[in-house]
Q: 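Attaching a single structure in structure tokens format; questions to follow.
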Amino acid sequence: MIGVFLTFRYADEFDEDAVRRIADRAHARFKGMAGLRFKAFTVNPSKQEAVNFYIWDSEQAAKAFFTDAQIDRIAGHYKVSPSLEFVEIAALVENQTE
């Protein structure tokens, strides 16, 4: 499994409500996406940043999603270029109840 942090850091024009609206609109797009196990949209007003965290089944699936064109498209929604970091998942604890 591969984790990906997509971090958006704002200087002066951070708008928490706008970040939340972006997450609300994009949420459905990721439901059932092949290769994606988990995605979280986060917002941290005190740091003026938003971080999207993904867990993918494989590095191949993650890299296939994060093309340059896709990063540019996502940056257009957030109005700031993100940093992208890939990490290996050493262990995952899931406490989901249905």
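Count residues from 1 along the sequence. Please read all numbers here as calculations on a predicted model, not as lab measurements.
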Q: For residues F86 and W56, determine if any side-chain heavy atom of one lies less than 4.5 Å from a side-chain heavy atom of the other.
A: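 They are not in contact (no side-chain heavy atoms under 4.5 Å apart), so the answer is no.
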Q: Any chance CG of D72 has more than 12 other-residue heavy atoms, nucleotides or ligands included, within less than 6.0 Å?
A: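 Yes.
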Q: Group every Ile, Leu, Val, Met, Phe, Trp and Tyr by side-chain heavy-atom contacts under 4.5 Å, then state whether Y78 and V4 land in the same group.
A: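 Yes: a chain of side-chain contacts under 4.5 Å links Y78 to V4.
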Q: Ignoring hydrogens, what is the shortest heavy-atom contact between A75 and S81? Give both atom names and the distance.
A: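 Closest heavy-atom pair between A75 and S81: CB-CA, 4.1 Å.
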Q: Does the pair F41 and D24 meet the rule for a side-chain contact (heavy atoms from CB on, under 4.5 Å), with working shown?
A: CA-CA 9 Å; F41 297 87; D24 286 342; over 6 Å; no
Q: If two hydrophobic side chains count as joined below 4.5 Å and joins carry through other members, does V51 share a cluster with F66?
A: no
Q: Taking everything shown except R20 itself, do over 12 heavy atoms lie less than 6.0 Å from its CZ?
A: no
Q: Are K79 and E13 packed together at the side-chain level, in the sense that at least one heavy-atom pair is separated by less than 4.5 angstrom?
A: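 Answer no - side chains too far apart.
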Q: Might you point out which heavy atoms bring Q48 and A11 nearest each other, and give the distance in Å?
A: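 Q48 and A11 have their closest heavy atoms at OE1-O, 2.6 Å.
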Q: Atom CG of N52 and atom CZ of F30: how far apart are they, to the nearest 0.5 Å?
A: 7.5 Å
Q: Return the minimal non-hydrogen interatomic distance between E49 and F14, and the atom names on each side.
A: N-CE1, 3.7 Å
Q: For F53 and T42: C-alpha separation, side-chain torsions, deciding distance, then whether side-chain contact (heavy atoms from CB on, under 4.5 Å) applies.
A: CA-CA 8 Å; F53 178 67; T42 73; 5.6 Å; no
Q: How close do H77 and I22 get, heavy atom to heavy atom, and via which atoms?
A: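 Minimum heavy-atom separation between H77 and I22: O-CD1, 3.2 Å.
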Q: Where do I74 and F65 come nearest, in terms of heavy atoms and distance?
A: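 So the minimum-distance heavy-atom pair works out to CD1-CE2, 4.4 Å.
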Q: I'd like to know if M33 and F5 are part of one continuous hydrophobic network [Ile/Leu/Val/Met/Phe/Trp/Tyr, side-chain heavy atoms within less than 4.5 Å].
A: no
Q: Do you know the tightest heavy-atom contact between S58 and I2?
A: C-CG1, 3.8 Å
Q: Let me confirm one number: the CZ-NZ distance from R9 to K47, rounded to the nearest 0.5 Å.
A: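 Here the rounded value is 6.5 Å.
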Q: Other residues, nucleotides and ligands only: do more than 12 of their heavy atoms fall within 6.0 Å of CD on Q60?
A: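 12 or below, so no.
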Q: Find the distance between CD (E59) and CE (M1) and round it off to the nearest 0.5 Å.
A: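 It comes to 14.0 Å.
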Q: Does some side-chain heavy atom of V19 sit less than 4.5 Å from a side-chain heavy atom of Y10?
A: yes
Q: So, taking the atom named CD1 in I55 and the one named CZ in R37, what distance separates them when rounded to the nearest 0.5 Å?
A: 8.0 Å
Q: Test of understanding: clusters of I, L, V, M, F, W, Y form through side-chain heavy atoms closer than 4.5 Å, transitively. Do L6 and I89 belong to the same one?
A: no
Q: Are I71 and V87 joined in one hydrophobic group, where the rule is that I, L, V, M, F, W and Y side chains link up if heavy atoms are under 4.5 Å apart?
A: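 As far as the 4.5 Å side-chain criterion goes, V87 and I71 are not connected within one cluster.
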